[in-house]
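Below is one structure, written out as C-alpha cells, with a few remarks after it.
What you see is a predicted model, and the numbers here were worked out from it, not measured in a lab.
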Amino acid sequence: MSGTALADAAGLGPIEIKAMKAHGYETEFAVGVTAASATLGPLIPPSLPFVIYGMMANVSIGSLFLAGLLPGAVLTILMMLTAWKC
C-alpha cells in the first residue's frame with residue numbers, strides 16, 4: 001500500500017498479524033504471509049522504486065506503473081493460492 005516492502009511490513013504487519021491470530025491462524029503462518037506479501041509493494045502501484053527509477057532514467061512513471069500491474073496481479077494470485085493450500 002505504501003510502495004515499499006519495509007513500510008508495508010513495519011506499518012501494516014502488526015495489524016495483519018493480530019487480525020490473523022484473532023481468526024485462528026498460527027503465529028508462524030501469519031508472520032510468513034505478512035513478510036511474503038510485503039514484497040509485493042514494490043511491484044504494485046504506487047511503487048516508490050518505480051517513481052525513483054522513472055525520475056532518474058527519464059522514463060514515463062505511468063508506463064512503469066502499467067508494467068507492474070500484470071506481474072503484481074500474477075504474484076498476488078499465486079500467493080493467495082499458496083496460502084489457501086496451507
Donor-acceptor pairs under 3.5 angstrom involving side-chain atoms of residues 20-29: please list them, not counting sequence neighbours.
from	atom 1	to	atom 2	distance (Å)
His23	ND1	Ala19	O	2.9

To the nearest 0.5 Å, what is the distance between OG (Ser37) and CG (Leu12)?
-> 9.0 Å
Listed partners of Ser63 passing side chain to side chain contact (heavy atoms under 4.5 Å, CB included), at least two apart = Ser60
Heavy atoms only: give me the nearest Leu43-Ser47 pair and the separation to one decimal.
-> N-OG, 4.4 Å
In Å, rounded to the nearest 0.5 Å, how long is the span from OG1 of Thr39 to CG of Leu6?
-> 12.5 Å
Could I get the full list of side chain to side chain contact (heavy atoms under 4.5 Å, CB included) partners for Leu64, not counting sequence neighbours?
-> Phe50, Tyr53, Val59
In the hydrophobic clustering (ILVMFWY, side-chain contacts below 4.5 Å, transitive), which residues join Leu66, or is it alone?
-> Leu69
Residue list, side chain to side chain contact (heavy atoms under 4.5 Å, CB included) with Ala9, at least two apart or on another chain = Ala38
Output the distance between atom CD1 (Ile44) and atom CG (Leu75), rounded to the nearest 0.5 Å.
-> 8.0 Å
Apply side chain to side chain contact (heavy atoms under 4.5 Å, CB included) to Leu81 and list each qualifying residue two or more places apart in sequence or on a separate chain.
-> Ile77, Trp84
Following the transitive rule for hydrophobic clusters with a side-chain heavy-atom cut-off under 4.5 Å over Ile, Leu, Val, Met, Phe, Trp and Tyr, establish whether Leu70 and Met79 coincide in one cluster.
-> no
